[in-house]
Amino acid sequence: MGLGNAGLPLAAVIADHGIQVVGVDIDRRRCDLINSGKNPIPQEVGLDELISRYGGKGLVATTEYRDAVSCNVFIVIVPLFIDKNHNPDFRTLESAFRSLGSVLKRGDLVVLETTVPPGTTEGLALRWIEESSELKLGQFYLAHSPERIMTGCSISRLREFPKVIGGVDERSGIVAYDVYRRFIPNLRLVSSARVAEMIKVMEGCYRDVNIALANELFKISNELGIDFHEAREHANHEYCHIHMPSTGVGGHCIPVYPWFLINEMVRRERAEDAVMLRTARELNDGMIRYWMDRIMDGCMRIDKPLVDIRICIHGITYRPGVRELHHSRNLALAKLLKSRGLKVGAYDETLSKEEVLKTGLEWMDPEDADVVFNSFELSLTIRHPRDAPA
Ligand SMILES: NC(=O)c1ccc[n+]([C@@H]2O[C@H](COP(=O)([O-])OP(=O)(O)OC[C@H]3O[C@@H](n4cnc5c(N)ncnc54)[C@H](O)[C@@H]3O)[C@@H](O)[C@H]2O)c1
Ligand SMILES: CC(=O)N[C@@H]1[C@@H](OP(=O)(O)OP(=O)(O)OC[C@H]2O[C@@H](n3ccc(=O)[nH]c3=O)[C@H](O)[C@@H]2O)O[C@H](CO)[C@@H](O)[C@@H]1O
């Protein structure tokens with residue numbers, strides 16, 4: 001259920017293990033493409049080959065849940081959106097679970113792969129299935145196995161990276177483990193669905209907090225006149241891994257997952273027990289103000305009125321090489337500068353001029369700019385500064 005960036009590679013890998021797959025997705029165009037052997041995610045290495053081999057054959061895509069009625073295993077990987085207060089909007093998940101409940105039979109297994117707040121599978125998912133299927137847990141099995149892919153290398157991740165699975169009860173865990181073992185080579189059974197959910201959320205929190213630490217150490221190093229990268233290189237060893245500084249943390253995943261825990265602790269009136277997670281979130285999101293100040297400092301070195309200086313943000317996707325703008329802090333930085341009345345444009349190797357214009361920013365060739373901020377290298381180029389040596 002869900003043939004998106006995460007669901008389609010998984011479906012293709014399962015088909016590649018000789019298992020017949022029915023993929024349900026509400027997007028008819030996507031289903032048609034897949035059934036004609038065309039890969040809707042060409043940037044996913046190795047997927048072209050699998051879709052051309054199995055699309056419409058070992059992997060049949062459909063918009064109708066009833067076409068999956070003969071299946072015994074149902075894997076749900078539809079998105080979980082977050083509202084402006086960082087609370088999950090469960091409507092898509094609920095709709096998918098209620099639809100699959102209507103085709104579920106005794107003995108079937110359901111596995112949720114979407115990253116969710118710990119407790120969701122045994123709570124909401126179980127309730128939605130029981131209400132829509134009229135079956136009770138025990139007559140079907142339910143587990144959680146978080147998707148741990150990384151856009152661009154999902155196929156190799158599914159084949160190599162450790163994957164975890166946990167049931168809402170012991171039997172569900174064992175049944176799910178036995179099924180997943182057939183197509184996931186590096187699989188570990190954990191004690192519950194709740195633990196499996198926490199593993200994925202924890203991973204996101206770890207990265208967010210560590211990136212915040214790197215960002216803070218970077219700012220302090222700059223203030224002290226120390227080369228951060230040289231210090232980092234020698235600080236890192238088996239027990240120390242300082243991450244890379246940035247304009248902040250973007251994408252669908254890492255900026256979202258800490259909020260699952262922060263908000264839960266607020267609900268429990270224990271906000272003080274999630275203070276590091278909140279600080280990391282705020283620090284990372286606040287990095288665009290730090291970079292705005294650095295860019296403004298650069299502008300001050302040019303002999304032109306501030307409003308006439310052409311500033312180019314080189315790299316606006318959320319991470320290098322990925323054509324995705326979701327929660328991109330690089331894009332947010334460009335928009336922040338623009339909101340201050342500055343002449344800001346953007347350039348990105350992975351985006352066409354039209355795609356840049358769609359973001360609401362001017363397209364600007366870095367060669368035509370007075371100030372270029374490379375947001376992936378964190379380098380600032382100032383053309384013709386007044387303090388340049390003659
Ligand atoms: N993409 C990643 O890198 C990644 C990595 C790890 C985890 N995940 C998890 O996977 C989830 C899904 O992410 P994605 O990147 O695949 O999203 P996506 O937007 O690429 O794809 C979601 C798909 O679900 C379909 N869909 C929506 N509602 C549906 C319904 N009721 N029934 C059937 N299909 C439906 C959409 O049409 C779409 O094709 C995320 O919320 C996240 O928890 C994603
Ligand atoms: C490494 C990995 O397996 N990650 C995955 C991640 O994928 P992702 O696409 O979100 O990419 P990341 O590389 O994690 O980057 C996120 C943001 O952090 C910035 N960043 C990164 C490293 C650093 O040292 N300093 C930084 O500042 C970077 O620029 C970008 O904006 O989420 C998926 C969904 O859950 C997971 O499968 C999985 O954890």
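Remember, it's 1-based here, ligands and their atoms both numbered in the order they're listed.
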Using a heavy-atom cut-off of under 4.0 Å, does the side chain or the backbone of R148 touch ligand 1, or both, or neither? neither

E377 atom CD: more than 12 heavy-atom contacts under 6.0 Å: no

Note: ligand 1 atoms sitting under 4.0 Å from heavy atoms of S95 are 31 (N)

Whether R181 engages the ring of F183 as a cation-pi pair (distance to the six-membered ring centre under 6.0 angstrom, angle to the ring normal within 45°) should be assessed. no

What is the nearest protein non-hydrogen atom to atom 3 (O) of ligand 1, stated with its residue, atom name and distance? T151 OG1, 3.3 Å

Side-chain ion pair, K163 and E113, N-O less than 4.0 Å: yes

Taking the six-membered ring for Trp, is the centroid-to-centroid distance between Y177 and Y180 below 6.0 Å? no

Contacts of T63 meeting side-chain contact (heavy atoms from CB on, under 4.5 Å) (sequence neighbours excluded), chain-then-number -> R28, C31

Using atom types as modelled and distance alone, determine if a side-chain donor or acceptor of N35 lies under 3.5 Å from a backbone N or O of A61. yes

Per-atom filter on ligand 1: closer than 4.0 angstrom to a heavy atom of G2 are 24 (O), 33 (C), 34 (N)

Quick one: does ligand 1 sit under 4.0 Å from the side chain of V24, the backbone, both or neither, non-hydrogen atoms only? backbone

closest protein heavy atom to atom 21 (O) of ligand 1 is G4 CA, 3.1 Å

Tell me whether R267 at atom CZ has more than 12 heavy atoms from other residues, nucleotides or ligands lying less than 6.0 Å away. yes

What atoms of ligand 1 come within less than 4.0 Å of a heavy atom belonging to L80? 41 (O)

Residue-level breakdown please: for K200 versus ligand 1, do any non-hydrogen atoms fall below 4.0 Å on the side chain, on the backbone, on both, or on neither? side chain

Tell me whether the centres of the aromatic rings in Y206 and H241 are closer together than 6.0 Å. no

Side chain, backbone, both or neither: the part of Y257 lying under 4.0 Å from ligand 1 by heavy atom: side chain

How close does the nearest protein non-hydrogen atom get to atom 27 (C) of ligand 1, and which residue and atom is it? I26 CD1, 3.6 Å

Neighbour count >12 (heavy atoms, 6.0 Å) for atom CZ, R289: no

With heavy atoms of A6 as the reference, note each atom of ligand 1 found under 4.0 Å away. 10 (O), 14 (P), 15 (O), 16 (O), 44 (C)

Could you tell me whether D32 and R29 have a side-chain N and a carboxylate O separated by less than 4.0 Å? no

Under a strict 4.0 Å criterion on non-hydrogen atoms, which protein residues are in contact with ligand 2? R148, I149, M150, R157, K200, R207, I211, H243, M244, S246, G248, V249, G250, C253, I254, Y257, Y318, R319

Does Y65 approach ligand 1 within less than 4.0 angstrom via side chain, backbone, both or neither, non-hydrogen atoms only? side chain

Can a side-chain donor-acceptor contact be found between S379 and N374 if the only test is distance below 3.5 angstrom? no

Which residue and atom name correspond to the protein heavy atom nearest atom 19 (O) of ligand 1, and how close is it? P79 CG, 3.9 Å

heavy-atom search around atom 15 (O) of ligand 1 in the protein gives N5 CB, 3.4 Å

Measure I149 to ligand 1 on non-hydrogen atoms and call it side chain, backbone, both or neither using the 4.0 Å cut-off. both

Find all atoms of ligand 1 within a distance of less than 4.0 Å from any non-hydrogen atom belonging to T115, and give their numbers and elements. 43 (O)

Taking the six-membered ring of F161, is the NZ or CZ of R157 close enough (under 6.0 Å from the centre) and on axis enough (within 45°)? yes

Give the atoms of ligand 1, by number and element, whose distance to some non-hydrogen atom of I77 is under 4.0 Å. 10 (O), 12 (C)

Heavy-atom distance to atom 29 (C) of ligand 1: which of V78, D27, V76 wins? V78

Counting heavy atoms only, which of L8, T92, D25 comes nearest to atom 38 (C) of ligand 1? D25

Going by an N to O cut-off under 4.0 Å, is there a salt bridge joining E264 and R270? no

Return the orientation label for the Y347 and H314 ring planes: parallel under 30°, perpendicular over 60°, tilted otherwise. perpendicular

Those atoms of ligand 1 less than 4.0 Å from some heavy atom in T114: 41 (O), 43 (O)

Is E94 salt-bridged to R98, cutoff N-O under 4.0 Å? yes

In ligand 1, the atoms that come under 4.0 Å of a heavy atom of R30 are 39 (O)

Considering only NZ, NE, NH1 and NH2 on the basic side and carboxylate oxygens on the acidic side, decide whether D370 and K304 come within less than 4.0 Å. yes

